[in-house]
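Everything numeric here is computed off the predicted structure, so don't read it as measured data. Convention: sequence-line order gives letters A, B, ...; per-chain numbering from 1. Heavy atoms only: backbone and side chains are in, while hydrogens, waters and symmetry mates are out.
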Amino acid sequence: MVTIKDLNTRTQPNWCPGCGNYSILTALKMAVADLGLDPKNVCLTSGIGCGSKLPHWINTYGIHTIHGRGLPVATGIHLANNKLKVVSIGGDGDGYGIGLSHFVHSCRRNLDMAYFVQNNQIYGLTKGQTSPTSDKGFKTVSTPFGAIEWPIFPLSLAIEQGATFVARGFAGEIKHLTELMKQAIQHPGFAYIDILQPCVTFNKKNTYDWFKKRVYKLEETGHDPTDKSEALKKADEWNAYYDDNIPIGLFYKKDHEHYLERYEYIKDKPLVEHDISNVDITKIMEDFV
Amino acid sequence: MEQNLNWLIGGEAGYGIMNAGLAFAKTLSRGGLYVFSTTEYPSLIRGGHNTVAVRASTKELNSHEKMLDILVALNHETYELHKDEVSRTGIIIYDSSKDELKAKNVVNIPLLNLAEQASNKIMRNTVALGASVALIGYDLNLLNGVLESIFSRKGNEVVEANKVAAKLGYDFAGSNHEPILKLEKQKAPKRMVLNCNDAISLGALKAGLKVFAAYPMTPGSSILHFMAKYERDMKILVKHTEDELASINTLVGAGFAGARAMTSTSGGGVALMSEGIGLAGMTETPCVIVNAQRGGPSTGLPTRQEQSDLLFMIRLGQGEFPRIVMAPGDVEEAFYETINVFNLADKYQVPAIILTDKYNYASSKSVEFFDTKNVKVERGKLLTKEEALKETDYKRYKFTKDGVSPRSIPGNPNTIFRATGNEHSEYGDITEDPVNRVNITEKRLRKLQGILKDIKNPVKLHGPENAKLTVVGWGSTKGPILEAIEGLDVNFLQVLYPWPFPKEEVEKVLKNSKNVLLVEGNATAQLGQLIKEQTGIEIQEQLLKFNGHQFYPHEIRTKIKEVL
């Protein structure tokens with residue numbers, strides 16, 4: 001059995017002290033250990049940003065890619081080897097800004113993988129610019145007079161676009177987050193968690209205290225995650241006008257065919273295990289006569 | 001006795017010009033003749049002027065040519081645009097359903113009326129094919145056989161209706177005009193009629209392609225269609241992704257996980273992919289990118305010919321990383337070298353670019369079945385599970401003499417590692433250590449030397465070893481150049497793998513040449529620039545064409561005579 005210690009790597013995280021990413025990393029390690037996954041059969045991908053360095057600090061296979069492209073790289077890995085547990089991770093700039101289209105298309109594709117977004121409502125690694133989830137009016141070095149546009153509301157977007165597992169976690173609730181991650185990794189389809197991750201260095205508004213006053217757990221309210229309209233209502237509880245209550249937990253879940261389900265020839269043997277030493281193309285050549 | 005035919009069909013998009021051209025080429029090929037067909041079309045769905053030219057001969061053909069024996073004008077515009085290309089002995093099949101043309105070389109046939117008589121006016125192209133077969137004294141059964149293959153999926157009724165349409169055209173032409181020649185069937189092995197995109201696709205499948213991800217962009221899209229069509233039969237996965245960024249990064253993922261992966265696009269798509277190709281370079285992940293060039297820059301000439309991405313492919317991406325560029329000049333190279341490119345990409349763990357173009361895509365040639373017996377799939381230092389088990393301190397980017405490190409994949413035991421687009425250590429961990437930076441950069445670039453040695457024919461010298469003149473070119477100009485130099489004291493240096501640049505091979509030939517002529521389909525002599533940069537040799541005589549169309553052999557021949 002793999003333990004959390006086994007999942008440590010030879011290097012140490014270099015996030016700021018107090019960064020929400022430490023808790024997210026811990027939760028992910030706990031999820032992998034609790035589920036009893038074999039680290040060699042787990043593959044992480046990430047984009048670019050503070051949080052996207054995470055794969056370097058958990059001892060599974062991983063690829064830390066380029067900005068916004070963690071999901072398509074994850075898609076390629078999943079197509080090539082559908083036996084692996086693939087988890088893609090990245091920040092709000094990565095997933096809701098530069099990589100937004102991959103997020104939307106991955107939802108509707110319902111790929112059998114998990115996608116975790118470390119949402120700190122700011123760009124950390126590039127030193128504090130406004131992000132797609134920053135509030136309207138948010139002042140940073142890139143919007144010194146306040147952000148003019150509305151933020152993205154990613155949960156409603158994911159539910160509308162066909163994601164079959166939509167949740168929100170909070171870096172200040174590690175156990176709760178771990179349980180969500182475990183469910184997401186086991187969910188046969190595209191399982192997405194938006195994770196509230198306070199940036200202690202650049203985001204002075206959305207702090208741990210700010211969140212702690214507002215978050216509540218959906219599981220404690222009798223929310224039915226199979227009810228799409230209820231899920232959308234809950235997703236809209238924190239919107240451009242109101243941020244008094246922020247639900248965390250599983251918003252929405254449905255059973256639906258995942259992308260590779262109908263491909264019979266990879267059910268027992270993923271593509272990487274197919275013999276390619278002597279592929280027969282004669283039949284196709286006949287078609288060209 | 002040598003026999004030749006040059007036939008062109010033209011009309012509006014939507015008239016079934018492409019299908020008719022392919023059917024005619026296959027009809028001629030099934031009778032044992034060599035064929036070469038070329039299509040021209042604007043970037044439109046309906047309307048606009050489309051043509052397919054089909055040449056047939058008792059000898060092998062490599063190019064299109066201008067002067068026509070038969071022009072099939074499905075509309076009046078085709079007649080006006082192409083009547084001057086008809087040779088003195090040639091004829092024009094004209095759709096006289098509305099009005100007859102009185103010119104001496106015109107054969108008036110009411111194509112539309114006959115098609116309606118057969119069942120549907122949409123079959124006017126089939127009527128024209130029947131008429132064409134009659135006017136070259138060929139076997140109608142061969143056309144019928146092709147119609148069966150093409151339409152069998154649509155049901156027997158469609159097949160029979162087309163046969164009726166062909167017969168009506170055949171009989172009408174036969175009873176109103178003498179055949180202009182009698183094309184004889186030849187004894188020949190079974191041949192395919194296919195273009196370079198088809199050949200690249202076949203090569204990729206033979207090489208063991210497993211993941212294909214692409215976004216449509218002319219003239220690269222037909223590879224996506226090919227792969228999608230054969231996806232289930234060949235047990236591969238094909239994804240039409242949301243954009244080119246997704247395509248290339250899906251390739252990186254698939255390659256990282258150990259599957260052979262390819263995409264196809266055109267220059268604009270590769271521009272979008274640049275960052276992802278750099279990621280493949282940095283993480284040393286093999287993948288294959290097909291760039292079917294068209295007229296640029298920007299949207300440029302979406303359906304027209306140009307060879308203007310050569311330097312872009314060689315320089316592509318920020319930073320310095322090794323890549324392979326292969327530019328096939330014909331269908332055979334497209335097939336065999338694609339397999340080689342997959343092997344090289346795996347052996348050297350680099351991205352590889354197949355640089356083809358619109359002319360290569362739009363030109364179909366008759367060739368015998370590819371020899372697949374001697375094809376080898378070589379994966380280089382890819383660790384099997386058993387080999388991985390023996391690893392105790394696995395370094396994915398281990399410094400080695402040839403720059404190539406043993407490569408493991410997710411799922412293998414004892415070799416867990418993280419790859420990254422950041423600069424990294426031998427283990428794959430991020431580091432900005434200056435010494436490591438130099439060592440690992442050199443390790444990556446060292447692979448170029450191995451690749452250079454590994455490529456058997458980076459250049460090809462066609463024709464006599466010593467000649468009065470050497471023509472230098474690359475890619476799809478090969479066919480027109482070969483036809484142009486036929487019978488002359490001229491040879492042709494074809495640069496098949498422009499990168500890594502085969503300096504020694506190019507120098508050897510050029511230092512020996514008395515006169516050199518550069519032929520390229522671009523405005524700035526890109527191969528000429530590269531040769532000068534790499535060898536110091538400046539080629540003074542240049543024939544450059546960038547009007548959106550491929551060279552005709554006679555244009556090259558005229559220039560050769562001017563130089564000599």
Side-chain angles (χ1 to χ4, degrees), chain A residues 9-11 39-45 48 53 55-56 58-81 83-84 86 99 101-102 104-105 260 263-266 270-272 274-289, chain B residues 26 29-30 149 190-194 198 202 205-208 210-211 213 230 232-237 239 241-243 245-261 275-276 278-279 283 369-370 372 377 409-413 416-422 427 429-430:
Chain A
T9 60
R10 69 179 75 79
T11 56
K40 76 175 190 313
N41 294 327
V42 177
C43 191
L44 259 60
T45 77
I48 289 292
K53 289 182 182 168
H56 288 283
I58 174 165
N59 202 22
T60 65
Y61 281 97
I63 178 166
H64 169 211
T65 73
I66 46 181
H67 203 26
R69 315 300 163 213
L71 277 175
V73 173
T75 304
I77 294 167
H78 178 57
L79 296 185
N81 189 349
K83 268 191 189 166
L84 299 171
V86 178
S101 83
H102 307 312
V104 173
H105 290 282
L260 291 179
Y263 286 93
E264 289 296 330
Y265 48 87
I266 53 167
L271 291 183
V272 282
H274 289 200
D275 179 14
I276 60 164
S277 61
N278 190 18
V279 177
D280 187 5
I281 56 166
T282 318
K283 268 189 193 155
I284 308 181
M285 290 201 283
E286 289 287 350
D287 287 351
F288 283 94
V289 174
Chain B
K26 283 188 169 181
S29 174
R30 285 190 186 185
S149 321
K190 192 155 67 174
R191 295 197 185 107
M192 306 178 279
V193 176
L194 79 176
D198 302 327
L202 276 167
L205 290 173
K206 183 65 204 167
K210 278 293 163 189
V211 175
Y230 292 109
R232 315 265 158 137
D233 291 346
M234 299 307 291
K235 298 187 168 60
I236 63 173
L237 288 174
K239 188 76 206 95
T241 55
E242 57 270 28
D243 52 33
L245 308 167
S247 302
I248 187 65
N249 287 292
T250 298
L251 260 57
V252 172
F256 177 75
R260 287 197 156 177
E275 194 189 19
L279 177 65
T283 56
F369 277 34
F370 295 122
T372 55
V377 171
I409 53 173
N412 273 355
I416 286 179
F417 70 98
R418 270 74 51 191
T420 173
N422 286 56
Y427 288 105
D429 299 330
I430 296 176

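Interface residue B:L279: only side-chain heavy atoms are found under 4.5 Å from chain A. Residue A:I48 touches chain B through its side chain alone, counting heavy-atom pairs closer than 4.5 Å. Proximity to chain B (any heavy atom under 4.5 Å) is shown, for A:T65, by both the backbone and the side chain. Using a 4.5 Å cut-off between heavy atoms, B:T283 contacts chain A through its side chain alone, with no backbone atom that close. Both the backbone and the side chain of A:H102 come within contact range of chain B, with heavy atoms under 4.5 Å apart. A:P39 touches chain B through backbone and side chain together, each having a heavy atom under 4.5 Å away. When heavy atoms are compared at a cutoff of 4.5 Å, B:I430 approaches chain A by way of both its backbone and its side chain. The contact between B:A207 and chain A is made entirely by backbone atoms, counting heavy-atom distances below 4.5 Å. Neither the backbone nor the side chain of B:A213 comes within less than 4.5 Å of any heavy atom of chain A. Proximity to chain A is limited to the side chain of B:R260, based on heavy atoms less than 4.5 angstrom apart. Contact annotation for B:N412: both backbone and side-chain heavy atoms come within less than 4.5 Å of a heavy atom of chain A.
Of all heavy-atom pairs between A:L84 and B:P410, the closest is CD1-CB, 3.6 Å. Considering every non-hydrogen atom in both B:K210 and A:L271, the closest pair reads O-CD1, 3.3 Å. What you find for B:Y230 and A:D287 is that their closest heavy atoms are OH-OD2, 2.6 Å. Annotation for A:S101 and B:E242: closest pair OG-CG, 4.0 Å, computed over non-hydrogen atoms. Residue A:I58 comes nearest to B:R418 through the heavy atom pair O-NH1, 3.7 Å, listed as atom of the first residue, atom of the second, then distance. Between A:I77 and B:F256, the shortest heavy-atom contact is CD1-CD2, 3.9 Å.
Between chain B and the residues A:N278, A:T282, A:T45, the largest count of heavy-atom pairs under 4.5 Å involves A:N278. When each of A:A80, A:P270, A:G76 is scored by its heavy-atom pairs under 4.5 Å with chain B, the top score falls to A:G76. Listed options B:G276, B:A259, B:A261 were ranked by heavy-atom pairs under 4.5 angstrom with chain A; first place goes to B:A259. With chain B as partner, the option from A:K83, A:K283, A:R69, A:E264 having the largest number of non-hydrogen pairs under 4.5 angstrom is A:R69. Per-residue heavy-atom pair counts under 4.5 Å with chain A were compared for B:G258, B:A246, B:G421, and the maximum is reached by B:A246. With respect to chain A, the highest number of heavy-atom pairs below 4.5 Å among B:T372, B:V252, B:V377 belongs to B:V377. Of the listed residues (A:N81, A:L79, A:V86, A:L71), the one with the most heavy-atom contacts under 4.5 Å to chain B is A:L79. Ranked by heavy-atom pairs under 4.5 Å with chain B, the list A:N59, A:I66, A:I266 is led by A:I66.
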Under the side chain to side chain contact (heavy atoms under 4.5 Å, CB included) criterion, do A:V289 and B:F369 qualify, and how do the steps go? CA-CA 9 Å; A:V289 174; B:F369 277 34; 3.6 Å; yes
Please walk me through it: do A:T75 and B:K239 pass side chain to side chain contact (heavy atoms under 4.5 Å, CB included)? CA-CA 10 Å; A:T75 304; B:K239 188 76 206 95; 5.6 Å; no
How far apart are the C-alpha atoms of B:D233 and A:I284, what are their side-chain angles, what is the distance that settles it, and do they pass the side chain to side chain contact (heavy atoms under 4.5 Å, CB included) test? CA-CA 10 Å; B:D233 291 346; A:I284 308 181; over 6 Å; no
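How far OH of A:Y265 is from CD1 of B:I236: 7.0 Å, rounded to the nearest 0.5 Å. Atom CD1 of A:I281 and atom CG of B:L205 lie 7.5 Å apart (nearest 0.5 Å). To the nearest 0.5 Å, atom NZ of residue B:K206 and atom CE of residue A:M285 are 8.0 Å apart. Taking CD1 of B:I416 as the start and CG of A:N41 as the end, the distance is 8.5 Å to the nearest 0.5 Å.
Residues in residues 246-257 of chain B take part in these side chain to side chain donor-acceptor pair (under 3.5 Å) pairs, two or more places apart or across chains: B:T241-B:S247.
With sequence neighbours left out, the salt bridge (Lys or Arg N to Asp or Glu O under 4.0 Å) criterion links B:K235 to no other residue.
Cation-pi geometry between B:R191 and A:F288 is not satisfied (NZ or CZ under 6.0 Å from the ring centre, within 45° of the ring normal).
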